[in-house]
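The structure under discussion appears below in the form of structure tokens.
Read the numbers this way: they start at 1 and go in the same order the structure lists the ligands and their atoms.
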Amino acid sequence: MAAATKAVHIRLPPLPTIKDVIRLYKLRALKELSQNFLMEPRMIDKIVRAAGHIDNNVVCEVGPGPGGITRSIIRQAPRKVILIEKDPRFIPSLELIADACRDKVDVDIITGDILKTDIAHFVPKDVKVDWNDPPPALNLIGNLPFSVSTILMIRWLEKISKQEGPWAFGRTRMTLTFQKEVAERMAARILDKQRCRLSVMCQNWCSVKYKFDIPGSAFLPKPDVDVGVVTLTPLKQPIIRLPFKLVEKVVRHIFSMRQKYSIRGAQTLFPEEVRQEMADRMYKLAEIDPVTRPFQIVNTEFARLCEAYNEIIKEYPEFEHYDYRAPKANKELVEE
Ligand code: SAM
């Protein structure tokens with residue numbers, strides 16, 4: 001039997017509490033940067049625990065703010081911590097933490113926008129493992145700003161699909177917070193009332209686990225909504241093995257009329273004149289009943305629909321760039 005590995009912990013020297021840090025540095029929360037600080041140490045530790053064993057791992061934290069989660073991460077004895085924070089007002093409080101653990105953990109503090117930062121640049125190369133191996137010793141953790149969380153998730157899924165950025169090192173795991181409703185959508189299975197484009201996309205490239213809720217009252221200031229914590233582990237093989245952009249387009253169109261027969265949304269993938277004929281063909285090729293509603297379609301069926309669409313655009317490449325919201329600009333596609 002394998003010997004149980006003893007958990008390693010780092011004891012930080014006494015630091016001012018997060019509440020004191022906020023008061024000391026006059027860190028008034030800015031609404032425009034979706035700043036809601038997590039004040040309950042038990043909740044903070046629970047998020048970090050949801051990431052699993054991170055000792056000796058490289059951990060990248062998005063939006064550390066005053067550093068509550070950062071402290072909890074460091075106590076788990078990671079090898080290196082990469083902090084990406086857009087608001088420079090937080091840098092002194094993060095430097096305070098970096099100084100307190102200087103001999104034990106390497107901390108990189110980056111002032112920048114997560115949407116424009118190349119995380120991979122800060123990750124030691126030796127972290128890399130093969131895609132089919134268990135996930136690398138690299139973790140992304142963040143109490144994400146609501147204002148960027150969904151955009152960031154979609155961008156990260158595209159990077160996962162291309163095995164780029166933090167996913168050039170293997171199937172890097174993520175432990176992230178979202179507005180509760182968004183978290184529920186990400187994890188929603190078929191027939192669930194929350195099932196939407198985001199559910200299909202997240203579950204196509206990742207194993208998604210809804211871990212637990214955090215009540216709004218755990219934050220300062222209290223947000224209008226509760227928060228959900230989600231872990232995502234990239235799959236070895238996506239269910240729909242086609243380029244991200246194609247999958248995103250087909251799924252978006254099909255969900256554009258959520259309560260209607262799914263073929264209605266699929267029709268909008270094609271110019272008006274051929275819409276019905278092409279959508280019928282797509283559903284026939286995919287062997288999907290056209291009256292199925294979008295939230296009743298499982299990802300393996302979405303795979304068949306995407307493959308059928310791919311077959312059609314191979315035959316009619318002019319439909320690939322058709323945009324039904326700009327019918328005039330697209331008119332020439334069918335007139336050529
Ligand atoms: N991690 C802290 C906590 O849990 O108390 C703060 C969380 S607060 C919800 C979101 C943090 O993300 C803020 O510190 C905010 O300044 C930062 N932020 C907002 N937009 C960002 C962006 N585009 N890139 C990086 N950080 C961002």
In ligand 1, which numbered atoms sit nearer than 4.0 Å to a non-hydrogen atom of Phe90? 14 (O), 16 (O)
Nearest non-hydrogen protein atom, atom 5 (O) of ligand 1: Leu38 N, 2.8 Å
Taking the six-membered ring for Trp, is the centroid-to-centroid distance between Phe37 and Phe90 below 6.0 Å? yes
Before accepting this row, confirm whether a basic side-chain N of the pair Glu311/Arg281 lies closer than 4.0 Å to the acidic partner's carboxylate O. no
For atom 24 (N) of ligand 1, what's the nearest protein heavy atom and its distance? Ile114 N, 2.9 Å
Checking a contact table here: which protein heavy atom is nearest atom 23 (N) of ligand 1, and how many Å away? Asp113 OD1, 2.8 Å
Criterion salt bridge (Lys or Arg N to Asp or Glu O under 4.0 Å) on Arg197 and Glu248, from CA distance to verdict: CA-CA 8 Å; Arg197 173 180 70 118; Glu248 194 279 330; 2.5 Å; yes
At a 4.0 Å threshold, what atoms of ligand 1 neighbour a non-hydrogen atom of Gly65? 14 (O)
Using non-hydrogen atoms of the residue, decide whether Asn36 is closer than 4.0 angstrom to ligand 1. yes
Judged by non-hydrogen atoms, does Glu61 sit under 4.0 Å from ligand 1? yes
Derivation of the salt bridge (Lys or Arg N to Asp or Glu O under 4.0 Å) call for Glu158 and Lys245: CA-CA 8 Å; Glu158 182 161 13; Lys245 290 263 181 318; 2.8 Å; yes
Worked verdict on Lys80 versus Asp108 for salt bridge (Lys or Arg N to Asp or Glu O under 4.0 Å): CA-CA 8 Å; Lys80 175 176 179 166; Asp108 274 359; 3.0 Å; yes
Counting non-hydrogen protein atoms only, what is the nearest one to atom 20 (N) of ligand 1? Give residue, atom name and distance. Pro145 CG, 3.4 Å
Quick note on ligand 1: atoms under 4.0 Å from a heavy atom of Asn143 include exactly 3 (C), 4 (O), 7 (C), 9 (C), 10 (C)
Any carboxylate oxygen within less than 4.0 angstrom of a Lys/Arg side-chain nitrogen, looking at Arg79 and Asp126? yes
Taking 4.0 Å as the limit for heavy-atom contacts, which would you say applies to Ile69 with ligand 1: side chain only, backbone only, both, or neither? side chain
Do me a favour and list the nearest non-hydrogen protein atom to atom 1 (N) of ligand 1 with residue, atom name and distance? Gly63 O, 2.8 Å
Can you sort out which atoms of ligand 1 are near Asp87, meaning under 4.0 Å from one of its heavy atoms? 16 (O)
Any Gly112 heavy atom less than 4.0 Å from ligand 1: yes
Is ligand 1 less than 4.0 angstrom away from at least one heavy atom of Leu115? no
Apply salt bridge (Lys or Arg N to Asp or Glu O under 4.0 Å) to the pair Arg171 and Asp133, showing each step before the final yes or no. CA-CA 8 Å; Arg171 294 182 297 120; Asp133 284 346; over 6 Å; no
Going by heavy-atom distance to atom 16 (O) of ligand 1, choose the closest among Glu85, Arg89, Lys86. Glu85
Within 4.0 Å of some non-hydrogen atom of Pro64, the atoms of ligand 1 are 1 (N), 2 (C)
Can Gly68 be said to touch ligand 1, with heavy atoms closer than 4.0 Å? no
What about the rings of Tyr316 and Phe319, do their centers lie closer together than 6.0 Å? yes
Can a salt bridge be assigned to the pair Arg185 and Asp192 using a cut-off of 4.0 Å between side-chain N and carboxylate O? no
Salt bridge check, Arg23 against Asp20: does any charged N sit closer than 4.0 Å to a carboxylate O? yes
Are Trp156 and Trp167, when compared by the centres of their aromatic rings, separated by less than 6.0 Å? yes
